Amino acid sequence: MTRLSIDEAVDLIENAPLYELGRRAFAKKLELHPDRITTFIVDRNINYTNACWVDCKFCAFYRHHHDEDAYILSFEQIGKKIEELIAIGGTQILFQGGVHPKLKIEWYEDLVEYISKHYPSITIHGFSAVEIDYIAKISKISSKEVLSRLKAKGLYSMPGAGAEILSDRVRDIIAPRKCDTKVWLDIHKQAHELGIKTTATMMFGTVETTREIVEHFDHLRRLQDQTGGFRAFILWSFQGKNTKLLAENPQIQKQSSNRYLRLLAVARLYLDNFANIQSSWVTQGSYVGQLALKFGANDLGSTMMEENVVAAAGAKFSMNQAQMIQLIQDVGEIAAKRNTNYDILERF
């Protein structure tokens with residue numbers, strides 16, 4: 001198999017006709033998923049705290065821990081949210097918070113153990129590489145030990161958040177306190193070696209170049225070649241409302257649907273060792289999210305019972321299970337509810 005090179009991928013993004021990109025990406029998707037099943041998951045994002053010391057300029061959600069509206073959810077509050085999820089047939093919680101400056105490994109162990117014991121039917125997909133990195137530092141242990149201890153308490157899977165663009169030039173501008181590219185990749189590698197599967201993400205549309213976007217793809221493809229530990233790739237566009245980054249860089253423009261679909265299609269072609277690519281209807285809206293299924297995506301992600309981070313930056317699209325099934329069926333595909341592993345639970 002001849003793989004796309006970085007130069008070829010940059011050229012496709014910048015110069016290929018959109019229709020041609022869609023045709024090629026859809027053909028690649030059908031190679032991997034000939035049954036034409038498009039999956040989704042019923043889950044809930046639980047942001048256990050909004051207190052964060054990282055101060056990412058692109059984030060409108062975080063507060064400093066001494067701010068009046070900073071919070072840490074109690075275990076009972078988290079439990080109530082999980083019970084509401086179970087009541088609508090949910091199977092997974094996506095657990096992320098701000099990077100709280102005071103919470104150490106023992107707090108996280110207690111939290112994961114509480115959920116595992118009280119709600120054994122729920123899969124815990126939680127804690128970004130950035131959170132793991134900080135928990136290790138404040139607890140004076142290695143990131144591998146953090147992952148190992150959380151896995152022992154019931155952590156099943158890790159999201160790809162905190163990647164943004166895997167370019168230290170970009171990271172130094174938009175999130176200078178965040179872990180660098182090597183640390184993000186190393187933590188995912190450690191997770192994979194411990195048997196914790198993860199997802200990979202990208203947030204585009206800030207100050208990155210097209211080449212840096214493709215170099216991000218390349219980092220992911222190389223690590224996936226080594227470990228096979230990524231379940232899926234998800235990309236979304238920067239949502240600028242209420243963010244310091246947009247205030248400081250008014251030249252940053254809202255990303256077009258054309259740009260999103262181009263990047264999605266080339267991701268499908270470049271990431272030839274990723275089984276699943278997710279559509280980001282949360283930032284693009286339901287109809288571009290649906291169109292993404294013709295540009296390489298085979299998964300619509302979550303029904304998003306709750307989402308706070310992107311909403312704080314101005315993107316407030318929502319969708320229930322029935323709407324998701326309809327969108328999938330309207331493009332001639334079979335809708336199926338899945339779990340974290342991408343096992344099919346129910347077809348529609």
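Everything numeric in this text was worked out from a predicted model, so none of it was measured. Quick note: residue numbers are just sequence positions, from 1.
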Discussion item. Thr303 vs Ile41, test: side-chain contact (heavy atoms from CB on, under 4.5 Å). Steps then yes/no.
Written reply: CA-CA 7 Å; Thr303 53; Ile41 191 166; over 6 Å; no

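- Under 4.0 Å is where a charged nitrogen must lie from a carboxylate oxygen, and between Asp168 and Lys182 no such pair does.
- Defined by atom type and a distance below 3.5 Å, a donor-acceptor pair is present between the side-chain atoms of Thr198 and His192.
- Between Lys81 and Glu84 there is no salt bridge, since none of the side-chain N atoms of the basic residue sits less than 4.0 Å from a carboxylate O of the acidic one.
- A salt bridge between Asp272 and Arg3 is present, with a side-chain N of the basic residue lying under 4.0 Å from a carboxylate O of the acidic one.
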Worksheet item: Arg171 and Cys179: side-chain contact (heavy atoms from CB on, under 4.5 Å), yes or no, with the steps?
Response: CA-CA 9 Å; Arg171 299 173 84 73; Cys179 65; 4.2 Å; yes

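- Between Ala267 and Phe233, the closest heavy-atom pair is CB-CE2, 3.7 Å.
- Residues Glu109 and Lys104 are not paired through a salt bridge, judged by the lack of any N-O separation under 4.0 Å between the basic side chain and the carboxylate.
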Worksheet item: Please walk me through it: do Ile325 and Phe40 pass side-chain contact (heavy atoms from CB on, under 4.5 Å)?
Response: CA-CA 9 Å; Ile325 292 167; Phe40 65 89; 3.9 Å; yes

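- For Tyr270, there are no ring-ring contact (aromatic ring centres under 6.0 Å, His included) partners, not counting sequence neighbours.
- Residue Ser167 comes nearest to Glu212 through the heavy atom pair OG-OE2, 3.2 Å, listed as atom of the first residue, atom of the second, then distance.
- Ring centers of Phe26 and Phe295: at least 6.0 Å apart, outside the cut-off.
- In the hydrophobic cluster analysis, where Ile, Leu, Val, Met, Phe, Trp and Tyr join through side-chain heavy atoms closer than 4.5 angstrom, Phe217 is grouped together with Val207.
- Transitive grouping of hydrophobic side chains (ILVMFWY, heavy atoms separated by less than 4.5 Å) brings Leu18 and Ile13 into a common cluster.
- The existence of a salt bridge linking Glu14 and Arg262 is excluded, since no basic side-chain nitrogen approaches an acidic carboxylate oxygen closer than 4.0 Å.
- A 6.0 Å sphere centred on CZ of Arg169 holds more than 12 heavy atoms belonging to other residues, nucleotides or ligands.
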Fill in: Worked check of side chain to side chain donor-acceptor pair (under 3.5 Å) between Thr38 and Asn298
CA-CA 5 Å; Thr38 293; Asn298 65 291; over 6 Å; no

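- Ion pairing between Lys144 and Glu193 holds under the 4.0 Å rule for side-chain N and carboxylate O.
- A salt bridge links Lys178 with Glu164: the distance from a Lys NZ or Arg NE/NH1/NH2 to an Asp or Glu carboxylate oxygen falls below 4.0 Å.
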Worksheet entry | Working for ring-ring contact (aromatic ring centres under 6.0 Å, His included), residues Phe230 and His188 | CA-CA 9 Å; Phe230 288 118; His188 279 264; 5.7 Å; yes

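- Interatomic distance, Leu150 CG to Ile124 CD1, rounded to the nearest 0.5 Å: 9.5 Å.
- For the atom pair OG (Ser143) and CG (Asp186), the distance works out to 7.5 Å, reported to the nearest 0.5 Å.
- Using a 4.0 Å cut-off between charged nitrogen and carboxylate oxygen, Arg221 and Asp225 do not count as a salt-bridge pair.
- Both Tyr71 and Phe75 belong to a common hydrophobic cluster when Ile, Leu, Val, Met, Phe, Trp and Tyr are linked at side-chain heavy-atom distances under 4.5 angstrom.
- Counting all heavy atoms, side chain and backbone alike, Thr201 lies closest to Gly160 at OG1-O, 2.6 Å.
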Discussion item. One pair to check against side chain to side chain donor-acceptor pair (under 3.5 Å): Tyr108 and Tyr48. What are the steps and the verdict?
Written reply: CA-CA 10 Å; Tyr108 291 93; Tyr48 58 88; 3.3 Å; yes

Worksheet item: What's the verdict on side-chain contact (heavy atoms from CB on, under 4.5 Å) for Ile165 and Met203, showing C-alpha distance, side-chain angles and the deciding distance?
Response: CA-CA 6 Å; Ile165 295 290; Met203 182 192 75; over 6 Å; no

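- The pair Lys80-Glu83 does not meet the salt-bridge criterion, since no charged nitrogen lies less than 4.0 angstrom from a carboxylate oxygen.
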Fill in: Worked check of side chain to side chain donor-acceptor pair (under 3.5 Å) between Glu145 and Ser148
CA-CA 5 Å; Glu145 185 179 340; Ser148 183; over 6 Å; no

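- In this structure, the separation between CD on Gln321 and CZ on Phe348 is 4.5 Å, given to the nearest 0.5 Å.
- Note that the CG atom of Leu327 and the CD atom of Glu333 stand 11.5 Å from one another [nearest 0.5 Å].
- Placement of Val112 and Ile72 within a single hydrophobic cluster is found when ILVMFWY residues are connected by side-chain heavy-atom separations under 4.5 Å, directly or transitively.
- The line from OG of Ser279 to CE of Met324 is 8.0 Å long, rounded to the nearest 0.5 Å.
- Rounded to the nearest 0.5 angstrom, His125 NE2 and Ile93 CD1 are separated by 10.5 Å.
- Judged purely by distance below 3.5 Å, without hydrogens or angles, the side chains of Ser280 and Gln278 never pair a donor atom with an acceptor atom.
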